[in-house]
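Computation of the quantities below employed the complete heavy-atom set of this structure, encompassing side-chain atoms and omitting hydrogens, waters and symmetry-equivalent molecules. Both counts, for ligands and for their atoms, begin at 1 and track the order of listing. Residue numbers start at 1 and run along the sequence shown.
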Amino acid sequence: MNILAPVRRDRVLAELPQCLRKEAALHVLKDFHPRVTCACQEHRTGTVGFKISKVIVVGDLSVGKTCLINRFCKDTFDKNYKATIGVDFEMERFEVLGIPFSLQLWDTAGQERFKCIASTYYRGAQAIIIVFNLNDVASLEHTKQWLADALRENDPSSVLLFLVGSKKDLSTPAQYVLMERDALKVAQEMKAEYWAVSSLTGENVREFFFRVAALTFEANVLAELEKSGARRIGDVVRINSDDNNLYLTANKKKPTCCP
Ligand SMILES: Nc1nc2c(ncn2[C@@H]2O[C@H](COP(=O)(O)OP(=O)(O)OP(=O)(O)O)[C@@H](O)[C@H]2O)c(=O)[nH]1
Ligand SMILES: [Mg+2]
């Protein structure tokens with residue numbers, strides 16, 4: 001997909017999508033962080049609108065990583081299993097609070113023989129999505145190892161984690177309840193946000209990726225505000241300036257809506 005194409009109307013986020021379960025959420029605020037809302041209103045989001053955030057999707061073979069990405073990005077579902085060889089990626093453009101924001105979704109191979117190729121693409125992720133099959137407890141147990149491998153290449157203090165149970169359509173309600181109890185525990189240990197989805201029916205797929213986009217965007221804006229610091233907040237970005245001198249310092253107008 002051409003990243004310069006206009007943002008699709010169904011990729012526009014004006015509000016913070018909510019978590020699935022409060023017990024295992026990255027945060028349970030109803031709205032975006034007030035500093036983020038304010039920065040967006042005043043177009044003080046620095047380079048966030050030009051950046052592409054990397055998201056990696058990992059987990060055992062055949063848990064449904066490719067189907068999950070394809071359901072969201074292409075609205076398709078293939079019932080035949082075709083192993084991912086190494087890696088693949090999709091670009092998704094969003095508009096969050098009026099600011100363009102792009103995610104690069106990296107679909108990695110779960111098969112052991114392709115794992116060493118896939119793991120070379122783990123570096124630089126801003127979010128890690130660890131997928132397990134809600135109908136296969138072993139795949140949930142393996143998520144800890146997938147997380148450890150992915151974190152070896154990333155900064156654990158800044159990366160956002162999501163634990164996603166797939167193939168929800170194949171569980172009976174009773175089976176689901178039991179599996180969810182275990183998955184919530186694992187998610188809490190990992191400090192990951194828990195989701196349960198079905199790529200076959202599409203249940204929760206869009207809600208999940210919107211949440212990933214929103215929280216990744218929020219983290220990016222907060223990091224940008226932190227980086228620019230109090231000295232630069234409210235300054236005007238200078239067009240055609242070099243990287244070390246991106247902000248005009250003459251304009252010290254105080255932001256009107258920041259707490
Ligand atoms: N019923 C059902 N089947 C699913 C779902 N998601 C994936 N599948 C099936 O599970 C199989 C594996 O799906 P993939 O998405 O290819 O799995 P993967 O995790 O990408 O596998 P690797 O690329 O080998 O790591 C395929 O036959 C899919 O049709 C789902 O939500 N419901
Ligand atoms: Mg795959």
Inset, instruction - Give the C-alpha distance, both sets of side-chain angles, the deciding distance and a yes or no for side chain to side chain donor-acceptor pair (under 3.5 Å) between Asn135 and Ser171. - result: CA-CA 6 Å; Asn135 311 283; Ser171 321; 2.9 Å; yes
Legend entry - Trace of the side chain to side chain contact (heavy atoms under 4.5 Å, CB included) decision for Leu225 with Arg44: CA-CA 8 Å; Leu225 291 173; Arg44 290 181 298 102; 3.9 Å; yes
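Close approach to Asp78 involves these atoms of ligand 1, each under 4.0 Å from a residue heavy atom: 28 (C), 29 (O). Taking every non-hydrogen atom of Lys79 and a distance limit under 4.0 Å, the qualifying atoms of ligand 1 come out as 26 (C), 27 (O), 29 (O). In the vicinity of Asn80, heavy-atom distances shorter than 4.0 Å reach the ligand 1 atoms 27 (O). The distance from ligand 1 to the heavy atoms of Val63 drops below 4.0 Å at these ligand atoms: 17 (O), 19 (O). Near Ser198, meaning under 4.0 Å from one of its heavy atoms, ligand 1 places the atoms 31 (O). Every atom of ligand 1 with a heavy atom of Asp169 under 4.0 Å away is listed here by number and element: 1 (N), 2 (C), 30 (C), 31 (O), 32 (N). Atoms of ligand 1 lying under 4.0 Å from any heavy atom of Gly110, numbered from 1 in the order shown and given with element: 22 (P), 25 (O). Distances below 4.0 Å separate heavy atoms of Ala109 from the following atoms of ligand 1: 25 (O).
With respect to Arg21 and Glu180, a salt bridge is recorded, a charged nitrogen being found less than 4.0 Å from a carboxylate O. Under 4.0 Å is where a charged nitrogen must lie from a carboxylate oxygen, and between Lys144 and Glu189 at least one such pair does.
Remark: side-chain polar atoms of Glu224 are paired, donor with acceptor, to backbone N or O of Thr47 under 3.5 angstrom. Not one N or O on the side chain of Asn154 forms a donor-acceptor pair closer than 3.5 Å with the backbone of Pro156.
For atom 20 (O) of ligand 1, the nearest non-hydrogen atom of the protein is Thr66 OG1, 2.8 Å. Here the protein heavy atom with the shortest distance to atom 17 (O) of ligand 1 is Gly64 N, 3.2 Å. Here the heavy atom of the protein found nearest to atom 16 (O) of ligand 1 is Tyr81 CD1, 3.4 Å. Closest protein heavy atom to atom 12 (C) of ligand 1: Ser62 OG, 3.3 Å. Atom 19 (O) of ligand 1 has its closest protein heavy atom at Lys65 NZ, 2.8 Å. Atom 15 (O) of ligand 1 has its closest protein heavy atom at Cys67 N, 2.8 Å. Nearest non-hydrogen protein atom to atom 9 (C) of ligand 1 is Lys167 NZ, 3.8 Å.
Looking at Ser199 next to ligand 1, an N or O pair under 3.5 Å apart turns up. Ligand 1 has no nitrogen or oxygen under 3.5 angstrom from a nitrogen or oxygen of Val197. Any N or O atom pair closer than 3.5 Å counts here, and Leu61 shares no such pair with ligand 1. For Lys168, no nitrogen or oxygen atom sits less than 3.5 Å from a nitrogen or oxygen atom of ligand 1, counting backbone and side chain alike. Not one N or O of Gly59 is nearer than 3.5 Å to an N or O of ligand 1, by distance alone.
Remark: Trp106 pairs with Phe89, Tyr121 by the ring pair (Phe, Tyr, Trp, His ring centres under 6.0 Å) rule, at least two apart or across chains.
With Tyr176 as the aromatic partner, Lys168 meets the cation-pi criteria of under 6.0 angstrom to the ring centre and within 45 degrees of the ring axis. Geometrically, Arg206 engages Phe210 in a cation-pi contact defined by less than 6.0 Å to the ring centre and at most 45° from the axis. In this structure, Lys115 forms a cation-pi arrangement with Trp146, its terminal cationic atom sitting closer than 6.0 Å to the ring centre and no more than 45° off the ring axis.
Checking Glu92 against Ser102 by side-chain atom types alone, no donor-acceptor pair falls below 3.5 Å. Counted by atom type alone, Thr66 and Thr84 present one or more donor-acceptor pairs between their side chains at under 3.5 Å. For the residue pair Thr201/Asp169, the side-chain donor-acceptor check at 3.5 Å is not satisfied. The closest side-chain donor-acceptor pair between Asn220 and Gln126 falls under 3.5 angstrom. Side-chain contact, Gln145 with Asp149: a donor N or O sits under 3.5 Å from an acceptor N or O. Looking only at atom types and distance, the side chain of His27 has a donor-acceptor partner in the side chain of Glu218 under 3.5 Å away.
Phe94 and Phe72 have parallel rings, their planes meeting at less than 30° on a 0 to 90° scale where 60° marks the start of perpendicular.
Using a 4.0 Å cut-off between heavy atoms, Leu170 contacts ligand 1 through its side chain alone, with no backbone atom that close.
For the Mg ion (ligand 2), the nearby protein N/O/S atoms, meaning those under 2.8 Å, are Thr66 OG1, Thr84 OG1.
The closest approach between any non-hydrogen atom of Phe77 and ligand 1 is below 4.0 Å. For the pair Ser166 and ligand 1, no heavy-atom separation below 4.0 Å is found.
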